[in-house]
Amino acid sequence: MPLWLGEPPAGQDPGSRAEAEPRQGGSKEEPRLSGHRSLDRGSGLAPSPSPAERPGSHLLTRQLQDLWRRSRGTLAPQRLLFEVTSASVVSERSSKYVLYTIYLIRSGQFDKAPAAIARRYSDLERLNRRLRRHFACDMAGVAFPRKRLRRNFTAETIAKRSRAFEQFLSHLHSIAEIRRSAAFQEFFFLRELQAAQRLTCTGMYREALAAWSNACRLQDKLGAGRSGRFLLTLAGLAVCHQELEELSEAHGYCEQALQLLEAQDSHPLLEPFLQAHVHLSWKVGRDKRQSEARLQGLHGPGLLPQQPPTLKELLIKEALD
């Protein structure tokens with residue numbers, strides 16, 4: 001929900017609020033009833049004019065009202081924040097490392113669906129090296145925390161690295177070419193897509209659905225909502241919801257994918273999405289005529305349509321690397 005600037009509480013006129021407040025620097029005025037005046041009994045002087053009677057007060061009120069009306073259409077500036085919310089020391093048989101949980105949060109509004117990843121120092125270091133190879137000039141001013149020989153697992157070192165990683169990712173995201181690069185984006189969601197694919201293939205649809213959903217939020221926040229990876233993510237969401245008998249949700253993701261594929265006739269996912277949309281539309285009682293007509297239009301006249309792979313088959317066969 002966009003955050004509107006300058007809007008007064010419901011039922012309150014912006015001009016009346018300015019008139020009701022006491023003047024700064026003087027004593028607090030006694031409240032006045034409409035249509036009455038109070039006299040200064042000690043001095044015999046006439047009372048000072050009320051705020052509404054002062055010269056120029058009507059102009060000030062109109063200016064405040066105009067400012068309020070203009071600000072109703074002003075959206076708060078937004079940017080993507082990277083916050084390391086926790087870090088845990090993981091000990092395995094042959095290694096010990098710190099796993100950092102990084103949240104991606106939109107500022108400027110209430111982000112009800114933040115996305116999260118868990119990465120270790122070596123993952124971030126690998127991203128740093130990869131970007132420096134391809135964007136040497138842009139990366140010249142980007143700082144990255146150095147590897148230490150000792151005290152890597154102390155609370156002080158972990159806290160300092162957490163703040164350094166937040167600044168590192170924010171700096172990368174502020175550079176347009178790096179922000180749009182495959183290396184930067186896939187650092188955030190490729191591993192999540194691979195995990196979601198494995199869970200789907202093994203029939204763990206509820207767990208897979210959580211992984212697909214997080215990958216979807218990550219791509220949305222990173223501006224990768226029109227890529228082939230995102231279409232595959234929508235396929236994963238549709239398949240998992242369908243397998244869990246959540247047909248309305250599956251139908252909605254198919255519709256979202258078909259909107260992205262509206263101008264394309266040769267995408268490998270188009271026909272499977274159309275087939276799934278027709279089937280789900282019939283199941284949930286929605287209009288399927290447009291998808292049926294588009295599906296028939298993919299095949300030339302007199303040609304027998306070949307059975308395309310289903311969305312689930314494509315998910316299983318797709319190589320995510």
Is there a side-chain contact between [X] and [Y] (heavy atoms, below 4.5 Å)?
| X | Y | result |
| --- | --- | --- |
| Val90 | Lys96 | no |
| Ser88 | Val98 | no |
| Leu269 | Leu234 | no |
| Leu193 | Trp212 | yes |
| Arg126 | Arg130 | no |
| Leu231 | His267 | yes |
| Asp111 | Leu104 | no |
| Met139 | Ile178 | yes |

Mind checking whether [X] and [Y] sit in one hydrophobic cluster, side chains of I, L, V, M, F, W, Y counted as touching below 4.5 Å?
| X | Y | answer |
| --- | --- | --- |
| Phe82 | Phe144 | yes |
| Phe188 | Leu131 | yes |
| Leu99 | Leu124 | no |
| Leu261 | Val278 | no |
| Val84 | Tyr97 | no |

Modelled atom types, side-chain donor and acceptor of [X] and [Y], under 3.5 Å:
| X | Y | result |
| --- | --- | --- |
| Arg120 | Ser122 | yes |
| Gln275 | Thr310 | no |
| Glu246 | His241 | yes |
| His251 | Ser281 | yes |

Determine yes or no for a side-chain-to-main-chain donor-acceptor pair under 3.5 angstrom, with [X] supplying the side chain and [Y] the backbone.
| X | Y | value |
| --- | --- | --- |
| Gln197 | Glu318 | yes |
| Ser291 | Lys288 | no |
| Thr157 | Arg151 | yes |
| Ser86 | Thr101 | no |
| Glu243 | Val239 | no |

Which atom names give the shortest non-hydrogen contact between [X] and [Y], and what distance separates them?
| X | Y | result |
| --- | --- | --- |
| Gly236 | Leu315 | CA-CD1, 3.5 Å |
| Leu311 | Ala238 | CD1-CB, 4.4 Å |
| Pro272 | Leu314 | CG-CD1, 3.5 Å |
| Leu280 | Cys254 | CD1-SG, 3.9 Å |
| Leu258 | Arg294 | O-NH1, 3.9 Å |
| Arg229 | Ala319 | NH1-O, 4.4 Å |

Can you tell me how far apart [atom1] ([X]) and [atom2] ([Y]) are? Round to the nearest 0.5 Å.
| X | Y | atom1 | atom2 | value |
| --- | --- | --- | --- | --- |
| Glu177 | Leu172 | CD | CG | 13.0 Å |
| Ser174 | Leu80 | OG | CG | 11.5 Å |
| Tyr205 | Lys312 | OH | NZ | 2.5 Å |
| Leu169 | Arg179 | CG | CZ | 13.5 Å |
| Gln219 | Thr233 | CD | OG1 | 4.0 Å |
| Thr85 | Ile102 | OG1 | CD1 | 9.0 Å |

May I have the step-by-step check of side chain to side chain contact (heavy atoms under 4.5 Å, CB included) for Leu209 and Thr200, ending in yes or no?
-> CA-CA 8 Å; Leu209 183 59; Thr200 305; over 6 Å; no
Is the Phe273 to Tyr253 ring centre distance short of 6.0 Å?
->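 Phe273 vs Tyr253: aromatic centres not under 6.0 Å.
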Between Phe135 and Phe184, does the ring centre distance come in under 6.0 Å?
->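 Distance test on ring centres: not under 6.0 Å, no.
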Any cation-pi pair here, Arg161 with Tyr121, using under 6.0 Å and within 45°?
->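 Judged by the rule, Arg161 and Tyr121 form a cation-pi pair.
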Does Arg119 count as lying over the ring of Tyr100, i.e. NZ or CZ under 6.0 Å from the six-ring centre, within 45 degrees of the axis?
->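 Judged by the rule, Arg119 and Tyr100 form no cation-pi pair.
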Test ring-ring contact (aromatic ring centres under 6.0 Å, His included) applied to Phe230 and Phe189, step by step = CA-CA 10 Å; Phe230 190 71; Phe189 58 76; 9.3 Å; no
I would like to know whether Lys317 and Glu313 meet salt bridge (Lys or Arg N to Asp or Glu O under 4.0 Å); could you show each step before the answer?
-> CA-CA 6 Å; Lys317 295 177 181 178; Glu313 290 171 343; 5.2 Å; no
Is there a side chain to side chain contact (heavy atoms under 4.5 Å, CB included) between Val89 and Ile158 once you walk through the steps?
-> CA-CA 9 Å; Val89 179; Ile158 293 173; 4.1 Å; yes
Enclosure of Gln194 CD (heavy-atom neighbours >12, cutoff 6.0 Å) |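 Result for CD/Gln194: enclosed.
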Neighbour count >12 (heavy atoms, 6.0 Å) for atom CD, Glu92 |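 For Glu92, atom CD is crowded (more than 12 foreign heavy atoms under 6.0 Å).
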Ion pair check, [X] and [Y], cut-off under 4.0 Å:
| X | Y | answer |
| --- | --- | --- |
| Arg129 | Glu125 | yes |
| Glu166 | Arg163 | yes |
| Asp220 | Arg106 | yes |

